[in-house]
Amino acid sequence: EMPPTPGSPPPDALPWPEVAQGEPGPLYGLFGEEDFLVTQGVAAFVASPAFADNPSLNVERLLAPETPPARVLESARTLPFLGRRRLVVVQETEAYTTAQLNQFLPYLEDPAPTTCLVFAGARLNASTRFAKALKARGKLQVWKRMYPRQLVPWLEGRAKLRGKSLTREAAAWLAELAPLGLGALDAELEKLALYVGQRRRITLEDVHQVVGRGRLYGIFDLTDALAAKDLARALDAFAQLEALGEPPLRVVAMVARLWRQLLEVRAVLDAGGDQAQVQRTLRLPPQATRTLTQRARRESAQQLAAALPAVLEADLALKSSPAAPRVVVERLIMRLCA
């Protein structure tokens, strides 16, 4: 959530040139299922010249679960201190109830001209009065989950920002790891750019050397093994992650994400869809689609949902139990593969 550091690639371009030019408007919305894209969008606002004067006083980032609307409105109506504009970013906006969102409606009708108020989050219910008012009075960007065919060009674009290029094979291999999130893929591209040094081209062999032995592929291997119900491979993958120092809480978080995907797949199948429909709906790469569909077909939605308490139990145990983290995660893996 911090502005890009010197030497790092700039954030993905926003559709509003006035932000980079230092003349943003008063109201914006940034929403998308990929938190990496939302974070990049927020970073573009923070980096705008409009808020370069006393940013410690004129740039404020708030979390919706911790900040009532009245507090946001108070901040939005505060005049800038020794500067032209203030930036107020409200993240995780989806945490607000409909009643809370309605408290913003009068402000959306008459926003403070010296403040740029940005609402950001994973989801926006387009049918709410808040969403309609934000779209009518401000500017809205909603990033959809990428289709598999969009991943390779996106990866190539992120490599180009670093002065590198990807072979088609390297990009396709990385695209299969997309279920772990665009942020994780971008981090691997950063490592690959450093690995190849002055060489411009990143090959499949480079990817195998850097990613294939790293944490990202280890997590992918674990979630893939869990989706396939392959206990031996899942335990081996976790052992590799533990040796690499991967935090157990992150491992459990990725397992939770996997189970949400399995439930989404099951919902598509229950509605009469097939594997092709799963890929169109979830926008997953082919290999991930096949593995998830095969697992979801073996269990009902109720059976899959029954595993969620085990994931929650492991998460709570890691945060509060004296049990060894390795034992907690291994027990969870065995329950999920049983």
Donor-acceptor side-chain pairing of [X] and [Y] below 3.5 angstrom:
X      : Y      : answer
Arg85  : Ser48  : no
Arg290 : Gln287 : no
Asn125 : Thr128 : no
Gln279 : Gln275 : no

Tell me whether [X] is salt-bridged to [Y], with the criterion being a basic N under 4.0 Å from an acidic carboxylate O.
X      : Y      : result
Glu156 : Arg168 : yes
Glu60  : Arg71  : yes
Arg331 : Glu313 : no
Glu264 : Arg260 : no

ask   = Counting heavy atoms not belonging to Lys229, are there more than 12 under 6.0 Å from its NZ?
value = yes
Measure the shortest side-chain to side-chain distance between [X] and [Y] over non-hydrogen atoms and say whether it is less than 4.5 angstrom.
X      : Y      : answer
Leu185 : Phe36  : no
Val89  : Leu87  : yes
Leu292 : Leu284 : yes
Arg162 : Asp186 : yes
Thr114 : Arg84  : no
Val72  : Tyr107 : no
Met146 : Trp154 : yes
Phe51  : Pro80  : no

remark   = For Trp16, the ring-ring contact (aromatic ring centres under 6.0 Å, His included) test, sequence neighbours excluded, returns Tyr28
message = Using the ring-ring contact (aromatic ring centres under 6.0 Å, His included) criterion, which residues pair with Phe130? Sequence neighbours excluded.
response = Phe119
Would you kindly confirm whether [X] and [Y] end up in one hydrophobic cluster when ILVMFWY residues are joined by side chain heavy atoms under 4.5 Å apart?
X      : Y      : answer
Leu151 : Leu189 : yes
Leu182 : Trp173 : yes
Leu235 : Leu318 : yes
Leu108 : Leu101 : yes
Leu249 : Val327 : no

message = Going by ring pair (Phe, Tyr, Trp, His ring centres under 6.0 Å), name the pairs with one or both residues in residues 226-268, residues two or more places apart or in two chains.
response = none
If you look at every heavy atom in [X] and [Y], which pair is closest and at what distance?
X      : Y      : value
Asn102 : Pro106 : O-CD, 3.9 Å
Arg280 : Tyr147 : O-CE2, 3.5 Å
Trp143 : Gly41  : CH2-CA, 4.3 Å
Pro24  : Gly22  : CD-C, 3.3 Å
Val207 : Ala170 : CG2-CB, 3.7 Å
Val90  : Ala64  : CG1-CB, 4.2 Å

Straight-line distance of [X] [atom1] to [Y] [atom2], nearest 0.5 Å:
X      : Y      : atom1 : atom2 : value
Leu73  : Thr67  : CG    : OG1   : 11.5 Å
Gln91  : Leu30  : CD    : CG    : 9.5 Å
Leu192 : Gln209 : CG    : CD    : 10.5 Å
Leu134 : Leu124 : CG    : CG    : 7.0 Å
Asp221 : Gln240 : CG    : CD    : 7.0 Å
Asp236 : Leu241 : CG    : CG    : 11.0 Å

request  = Could you go through the side chain to side chain donor-acceptor pair (under 3.5 Å) check for Thr115 and Arg86 one step at a time?
outcome  = CA-CA 5 Å; Thr115 295; Arg86 273 178 58 79; 4.5 Å; no
When you measure from the side chain of [X] to the backbone N and O of [Y], does any donor-acceptor pair fall under 3.5 Å?
X      : Y      : answer
Asp274 : Gln277 : yes
Thr167 : Thr203 : no
Gln303 : Ser300 : yes
Asp270 : Ala301 : no
Arg295 : Leu226 : yes
Tyr195 : Glu190 : no
Asn54  : Leu82  : yes
Arg145 : Leu282 : yes
Glu94  : Ala122 : yes

message = For Asp206, run the side-chain contact (heavy atoms from CB on, under 4.5 Å) check against Arg199, Arg201, Lys164 and tell me which one passes.
response = Arg199
Pair Arg123-Glu92, salt bridge (Lys or Arg N to Asp or Glu O under 4.0 Å): steps then yes or no = CA-CA 9 Å; Arg123 297 175 303 280; Glu92 300 180 28; over 6 Å; no
ask   = Do the ring centers of Tyr96 and Phe104 come within less than 6.0 Å of each other?
value = yes
